[in-house]
Amino acid sequence: MRRGAIVQLTLLALIVGGLTTWVALYPVWLPPTASEQADRIDFTFWYVTVICIAIYAIVIAALVYSAWKFRVGPDDDSDGAPIHGHTGLEIGWTAIPFVLVTSMAIVSAIVLARNDRTGSNPLKVDVTAQQFAWTFKYPDQHGLTSNVLRLPIGRPARFTLRALDVLHSFWVPEFGQKQDAVPGTTTQVTVTPNRLGTYPIICTELCGLGHAVMRSTVIVMPKDEFEAWVSKSGKAVGGGGGGTAAGKAVFVNNGCGSCHTLKAANSTGKVGPDLDKLPDYAQQAGKPLEQFVHESIVNPDAYIEKGYPANVMPKNFASLPKDQLDALVKYLVASSKGAK
Ligand code: CUA
């Protein structure tokens with residue numbers, strides 16, 4: 001090949017490579033990372049991207065160069081000269097991609113394996129997904145339960161996922177990891193948070209009418225703050241206490257607020273009926289308020305408020321322990337009366 005052609009090809013490849021690199025770098029394609037796993041996934045992503053940009057630049061340069069230099073003239077109907085391939089080139093474009101693709105597979109396998117490592121002392125978190133809420137339980141912290149996920153920074157958290165009704169999927173973009181929650185089985189995923197902050201938890205499997213609002217929040221906090229939260233929350237649970245605090249805890253822990261509006265709980269869900277209007281609904285149903293609220297929890301399709309579809313409210317709240325169910329009914333009756 002002539003020297004001039006090599007210089008032109010190289011220039012073309014550099015221009016295409018430069019433009020493609022700009023497209024890869026200038027818009028921010030990936031969320032900022034907040035876990036060790038996400039950092040490794042990002043590394044894999046960029047490793048593959050750099051290789052792809054290089055190959056793309058070479059292929060496009062050859063394509064553009066060929067179209068430009070070897071165009072037929074307007075009246076040229078002759079056949080091209082018969083050329084037998086080029087053994088050296090053919091070996092090159094077989095061996096180099098083989099090495100590159102194999103290296104991508106090796107890098108990915110290492111990242112997958114390392115991302116699944118939990119270390120010897122992971123923080124265990126049981127995740128329960130149901131239409132349309134997340135619940136997080138810490139089995140080693142006296143079964144502490146919350147619908148906001150709190151994690152100490154720097155400690156691997158091992159999540160065990162369950163689904164009570166249909167497929168859901170647990171996803172925090174900043175953590176990089178994503179895992180389905182599947183009815184009838186458990187799935188696992190590990191996250192080691194490495195940046196303090198508050199990030200969204202998103203259900204990323206279409207799971208029904210409230211899928212889009214099936215969201216929660218994860219707070220990555222310093223280790224001592226996490227310990228303080230655990231001991232404070234543990235006392236609140238143990239302390240019991242009368243009033244409506246227990247009922248509010250049941251409301252919050254079961255994620256009722258993701259579907260229902262209730263001023264007393266600062267919830268603004270719109271999937272199900274507005275619970276501040278419970279007294280009106282009870283009147284329409286022709287039932288005493290307390291009985292109506294109880295029935296609507298354990299047998300949600302007994303009375304369907306106009307404008308809301310049936311078979312959306314999960315039926316599994318009927319299996320709440322009796323003291324929790326009673327507390328929840330009491331709380332809803334008191335709050336909805338208060339809202340009037
Ligand atoms: Cu749960 Cu989408």
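Basis for what follows: all heavy atoms, side chains included, without hydrogens, waters or symmetry-related copies. Atoms within each ligand, like the ligands themselves, are counted from 1 in listed order.
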#### Entry: Identified ring pair (Phe, Tyr, Trp, His ring centres under 6.0 Å) counterpart of Phe159 within the set Phe175, Phe170, Trp171, Phe136
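Of the listed options, the one satisfying the test is Phe170.
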
So which atom in [X] and which in [Y] form the shortest heavy-atom distance, rounded to 0.1 Å?
| X | Y | value |
| --- | --- | --- |
| Val298 | Leu325 | CG1-CD2, 3.7 Å |
| Leu161 | Asp180 | CD2-O, 3.8 Å |
| Ala163 | His168 | CB-CD2, 4.1 Å |

### Connected via hydrophobic side-chain network under 4.5 Å: Ile53 and Ile60
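Cluster IDs for Ile53 and Ile60 differ.
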
### Task
Scan Thr192, Thr190, Asp126, Asn121 and name whichever one has a side-chain hydrogen bond (donor to acceptor under 3.5 Å, both in side chains) with Arg158.
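Option passing the side-chain hydrogen bond (donor to acceptor under 3.5 Å, both in side chains) with Arg158: Thr190.
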
### Number of protein N/O/S atoms that sit closer than 2.8 Å to atom 1 (Cu) of ligand 1
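For atom 1 (Cu) of ligand 1, protein nitrogen, oxygen or sulfur atoms under 2.8 Å: 4.
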
